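If you're wondering where the values come from, they're calculated on a predicted model, not measured in any experiment.
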Amino acid sequence: MPELPEVEALKDFLTEHLVGHEIVRVLPVAISVLKTYDPPLTALEGRAVTSVARRGKFLDIATDGPHLVTHLARAGWLHWKDRLPDGPPKPGKGPLALRVALETGEGFELTEAGTKKKLAVYVVRDPGDVPGVARLGPDPLAAEFDEAALAGLLAGERRQIKGALRDQSLIAGVGNAYSDEILHVARMSPFKLTAALTPQDVHTLYEALRTTLTDAVERSRGVAAGRLKAEKKSGLRVHGRTGEPCPVCGDTIREVSFSDSSLQYCPTCQTGGKPLADRRMSRLLK
């Protein structure tokens with residue numbers, strides 16, 4: 001799933017390529033991605049793009065009319081085309097969901113792989129009209145997001161730190177991958193309870209959060225949209241690297257599996273050398 005650093009890079013890329021240009025056609029291929037109907041998609045046609053913003057993991061393309069807001073979800077992606085294909089796209093079982101054409105003949109396509117369709121597109125008068133945007137917590141890279149802000153957010157929480165970091169209503173933009181990376185840098189167990197965090201723990205977590213996200217944004221800056229996925233994967237130290245050696249201590253990276261996701265961690269760096277319980281694997285071994 002694209003998270004804060006990749007969406008930030010897409011925002012920068014689209015700012016360069018979209019702002020000042022006119023949207024001449026918006027062609028839906030998978031109607032299921034459309035989550036709003038008023039204003040209609042056609043309200044974007046003939047409008048000039050004025051800015052592009054990131055709101056958590058949402059992309060917000062503003063025009064001199066309505067906003068086009070999208071959430072790429074787990075398997076969605078944005079593909080830039082220097083020259084869009086002639087003729088309308090053909091509906092079918094392919095990954096193409098939406099095409100946006102500019103007056104120059106350039107444009108972009110939104111696609112989604114797999115069978116679980118979660119890609120979402122909204123046309124709204126204000127980005128706050130999107131429920132997911134309205135619920136977002138503070139942005140962890142905002143200037144005002146300091147250590148005291150993080151401490152205040154966590155003070156009222158009573159759950160595992162991994163879940164807290166992924167909660168978009170608490171902190172916007174961090175998902176499964178970067179929460180693993182942040183906790184590895186902080187040398188903190190993903191199962192550690194927020195209620196047990198000391199002031200020193202909060203300081204360490206804050207530094208890991210800012211450093212991990214800032215470094216990832218810098219690595220992604222200037223990377224073309226089509227190469228961002230590969231850039232993300234190459235920069236991850238533990239997430240998605242089960243069975244590989246930890247780049248810090250050399251221990252084997254372990255995994256805990258859930259019904260629809262998994263987390264990765266280093267026992268030596270994060271859990272005092274003790275593997276975390278993996279109930280799913282335990283059931284398989286019985």
Quick check: closest heavy atoms across A142 and R210, and the distance to 0.1 Å?
O-NH1, 3.1 Å
For E231, is there an ion pair with R219 - N to carboxylate O distance below 4.0 angstrom?
yes
Quiz question: by atom type and distance under 3.5 Å, do the side chains of H203 and E147 form a donor-acceptor pair?
yes
So CG of L18 and NZ of K11: to nearest 0.5 Å the spacing works out to 13.0 Å
pair K192-D201: side-chain heavy atoms closer than 4.5 Å
yes
Does some side-chain heavy atom of D129 sit less than 4.5 Å from a side-chain heavy atom of Y122?
no
Find out if a path of hydrophobic residues (ILVMFWY) with successive side-chain heavy-atom gaps under 4.5 Å connects W77 to L84.
no
Please confirm whether the backbone N or O of R159 pairs with a side-chain atom of T194, one donor and one acceptor, at under 3.5 Å?
yes
Check whether any side-chain heavy atom of H17 lies under 4.5 Å from a side-chain heavy atom of F108, and answer yes or no.
no
Name the one of K232, R166, H239, E6 that satisfies side chain to side chain donor-acceptor pair (under 3.5 Å) with Y178?
E6
Cluster question for you: counting only ILVMFWY and a side-chain heavy-atom cut-off of under 4.5 Å, with indirect links fine, are V130 and V7 together?
no
Show the numbers, then the answer: is there a side chain to side chain contact (heavy atoms under 4.5 Å, CB included) between Q168 and R135?
CA-CA 8 Å; Q168 299 304 293; R135 290 194 298 267; over 6 Å; no
Is the shortest heavy-atom distance from the side chain of F258 to the side chain of N176 under 4.5 Å?
no
Quick one: do S179 and K162 satisfy side chain to side chain donor-acceptor pair (under 3.5 Å)? Show the steps, please.
CA-CA 6 Å; S179 57; K162 166 82 174 180; 2.8 Å; yes
Connected via hydrophobic side-chain network under 4.5 Å: F145 and L213:
yes
Could you grab the distance from atom OG1 of T214 to atom CD of E8, nearest 0.5 Å is fine?
10.0 Å
Going by heavy atoms in the side chains, are L14 and L78 under 4.5 Å from each other?
yes
Any donor-acceptor pair under 3.5 Å from T63 side chain to G65 backbone:
yes
Any side-chain to backbone donor/acceptor pair from Q264 onto G240? Under 3.5 Å, distance only.
yes
For L263 and F191, work out which heavy atoms get closest and say how close.
CD2-CE2, 4.0 Å
What do you reckon, is NZ of K118 surrounded by more than 12 foreign heavy atoms closer than 6.0 Å?
no
Without swapping roles, check the side chain of E106 against the backbone of K81 for a donor-acceptor pair under 3.5 Å.
no
Check for a donor-acceptor pair, side chain of Y265 on one end and backbone N or O of E181 on the other, with a separation under 3.5 Å.
no
Can you name the closest pair of heavy atoms from L98 and P28 and give their distance?
CD1-CA, 3.7 Å
Start with the C-alpha gap between T50 and V19, add the side-chain angles, then the distance that decides, and say whether side chain to side chain contact (heavy atoms under 4.5 Å, CB included) holds.
CA-CA 5 Å; T50 57; V19 172; 5.9 Å; no
Is there a donor-acceptor contact under 3.5 Å from the side chain of K116 to the main chain of A113?
no
Any donor-acceptor pair under 3.5 Å from S189 side chain to Q270 backbone
no
Is D180 salt-bridged to R237, going by a charged N under 4.0 Å from an acidic O?
no
Heavy atoms of other groups near R25 CZ, more than 12 under 6.0 Å
no
Can you name the closest pair of heavy atoms from L153 and L170 and give their distance?
CD1-O, 3.5 Å
L154 and L150, any side-chain heavy atoms less than 4.5 Å apart:
yes
What one should report as the nearest heavy-atom pair of V24 and L102 is CG2-O, 3.5 Å
Return the CG to NZ distance between L10 and K57, rounded to the nearest 0.5 Å.
13.5 Å
OG1-NZ distance between T70 and K35, expressed to the nearest 0.5 angstrom:
10.0 Å
Return the minimal non-hydrogen interatomic distance between A97 and V33, and the atom names on each side.
CB-CG1, 3.7 Å
Would V174 end up clustered with V202 when hydrophobic side chains under 4.5 Å apart are linked, directly or stepwise?
yes
Mind checking whether V26 and L72 sit in one hydrophobic cluster, side chains of I, L, V, M, F, W, Y counted as touching below 4.5 Å?
yes
Reference residue R54; test side chain to side chain donor-acceptor pair (under 3.5 Å); the match among D12, D139, D60:
D139
Evaluate the criterion side chain to side chain contact (heavy atoms under 4.5 Å, CB included) for residue pair L41 and L27; output intermediate values, then yes/no.
CA-CA 8 Å; L41 272 177; L27 299 168; over 6 Å; no
Separation between CD1 of I182 and OG1 of T204, rounded to the nearest 0.5 Å:
13.5 Å
Please lay out, stage by stage, how T111 and R99 fare under the test side chain to side chain contact (heavy atoms under 4.5 Å, CB included).
CA-CA 9 Å; T111 64; R99 178 179 292 167; over 6 Å; no
For residues P267 and R254, determine if any side-chain heavy atom of one lies less than 4.5 Å from a side-chain heavy atom of the other.
yes
Under 3.5 Å: donor-acceptor pair, side chain of H67, backbone of V69:
no
When you compare the side chain of I253 with that of P245, does any pair of heavy atoms fall below 4.5 Å?
no
Distance, nearest 0.5 Å, that separates CD1 of I23 from CZ of R47:
10.5 Å
